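Read through the structure below, which is laid out as structure tokens, and then see the notes.
Predicted model only: the values in this text are computed from it and were never measured.
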Amino acid sequence: MAQPDDMFGDDDYPAYTMGRAAEITGASQDFLRRLDEAKLIAPSRSAGGHRRYSRYQLRLAARAREMVDQGTPLEAACRIIILEDQLKEARRQNEEYRRRSEADT
């Protein structure tokens, strides 16, 4: 099991409360709730039911806030960010596949 100090270095560890997440991203708590409703981010829940956000989720929220501030509708911003994230992952997988293929030859 990872030690707590190790977990805070993990981009997926839900270390931030909603209040702190709002402060870090410059967004309101309502905006963060709307991102959850739009299925862009799904924060973890503490034992008491409070939302907890990871650094990765905070980056997505900050990107969404920037896009909305520039006039992009929230739903469109969320879809764009999801597609960008999927493309990044597909490129990572393709590169990994390419390296394995080259190593096999």
Side-chain angles (χ1 to χ4, degrees):
M1 184 169 157
Q3 296 299 314
D5 288 343
D6 295 338
M7 289 187 253
F8 284 107
D10 181 353
D11 268 359
D12 295 319
Y13 181 69
Y16 303 95
T17 63
M18 178 179 272
R20 184 69 178 127
E23 183 180 312
I24 290 169
T25 61
S28 68
Q29 292 184 15
D30 181 59
F31 184 79
L32 294 174
R33 284 187 204 95
R34 290 179 26 215
L35 294 179
D36 188 4
E37 292 167 7
K39 308 239 186 294
L40 177 63
I41 55 177
S44 297
R45 297 287 181 150
S46 69
H50 300 283
R51 289 175 174 89
R52 297 281 188 247
Y53 297 87
S54 68
R55 286 191 302 212
Y56 171 73
Q57 290 170 327
L58 295 184
R59 284 195 299 272
L60 295 179
R63 174 83 172 112
R65 193 189 120 259
E66 288 172 10
M67 293 178 76
V68 169
D69 287 351
Q70 293 172 358
T72 305
L74 179 67
E75 294 77 19
C78 291
R79 185 67 181 140
I80 289 166
I81 293 166
I82 289 167
L83 290 171
E84 288 174 342
D85 203 45
Q86 289 172 344
L87 178 60
K88 181 179 178 182
E89 177 61 16
R91 286 180 171 161
R92 186 197 65 75
Q93 289 176 359
N94 283 341
E95 182 59 32
E96 184 178 319
Y97 176 74
R98 185 176 16 258
R99 278 189 301 232
R100 286 184 186 170
S101 294
E102 289 171 358
D104 290 341
T105 57

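- No donor-acceptor distance shorter than 3.5 angstrom exists from the side chain of E66 to the backbone of R63, with no hydrogens or angles considered.
- A distance of 4.0 Å separates CZ in R51 from CZ in R45, rounded to the nearest 0.5 Å.
- When all heavy atoms of A62 and T25 are compared, the pair lying nearest together is N-CG2, 4.1 Å.
- For the atom pair CG (D104) and CZ (R100), the distance works out to 9.0 Å, reported to the nearest 0.5 Å.
- Rounding to the nearest 0.5 Å gives a distance of 9.5 Å between CG of N94 and CG of L87.
- The distance from atom CD1 of I41 to atom CG of L58, rounded to the nearest 0.5 Å, is 7.5 Å.
- Side-chain atoms of M67 and I80, non-hydrogen and from C-beta on, do get closer than 4.5 Å to each other.
- In terms of heavy-atom proximity, A77 sits nearest to A64 at CB-O, 4.5 Å.
- The line from NZ of K39 to CD of E75 is 12.5 Å long, rounded to the nearest 0.5 Å.
- Taking CD of E89 as the start and CD of Q86 as the end, the distance is 10.0 Å to the nearest 0.5 Å.
- S46 places a side-chain heavy atom less than 4.5 Å from the side chain of R52.
- A salt bridge links E23 to R20: one of the charged nitrogens lies within less than 4.0 Å of a carboxylate oxygen.
- Under the 3.5 Å distance criterion, the side-chain polar atoms of Q57 are matched with a main-chain donor or acceptor of A42.
- By the 4.5 Å heavy-atom criterion applied to side chains, L35 and L74 are counted as neighbours.
- Annotation: side chain of R33 is in contact with side chain of M18 (closest heavy-atom distance under 4.5 Å).
- A 4.5 Å side-chain heavy-atom check between L32 and Y53 finds at least one atom pair inside the cut-off.
- For the residue pair Y56 / D10, no side-chain donor-acceptor distance below 3.5 Å is found, with atom types taken as modelled.
- Between the side chain of T72 and the backbone N or O of V68 there is no donor-acceptor pair closer than 3.5 Å.
- Residues P43 and D36 are in side-chain contact: their nearest non-hydrogen atoms beyond the backbone lie under 4.5 Å apart.
- Other residues, nucleotides and ligands contribute at most 12 non-hydrogen atoms within 6.0 Å of the CZ atom of R91.
- Taking the charged nitrogens against the carboxylate oxygens, R98 and E95 do have a contact shorter than 4.0 Å, which makes a salt bridge.
- Between Y13 and R55 the shortest side-chain heavy-atom distance does not fall below 4.5 Å.
- Although no hydrogens or angles enter the test, the distance criterion places a donor-acceptor pair under 3.5 Å between the side chain of R65 and the main chain of G26.
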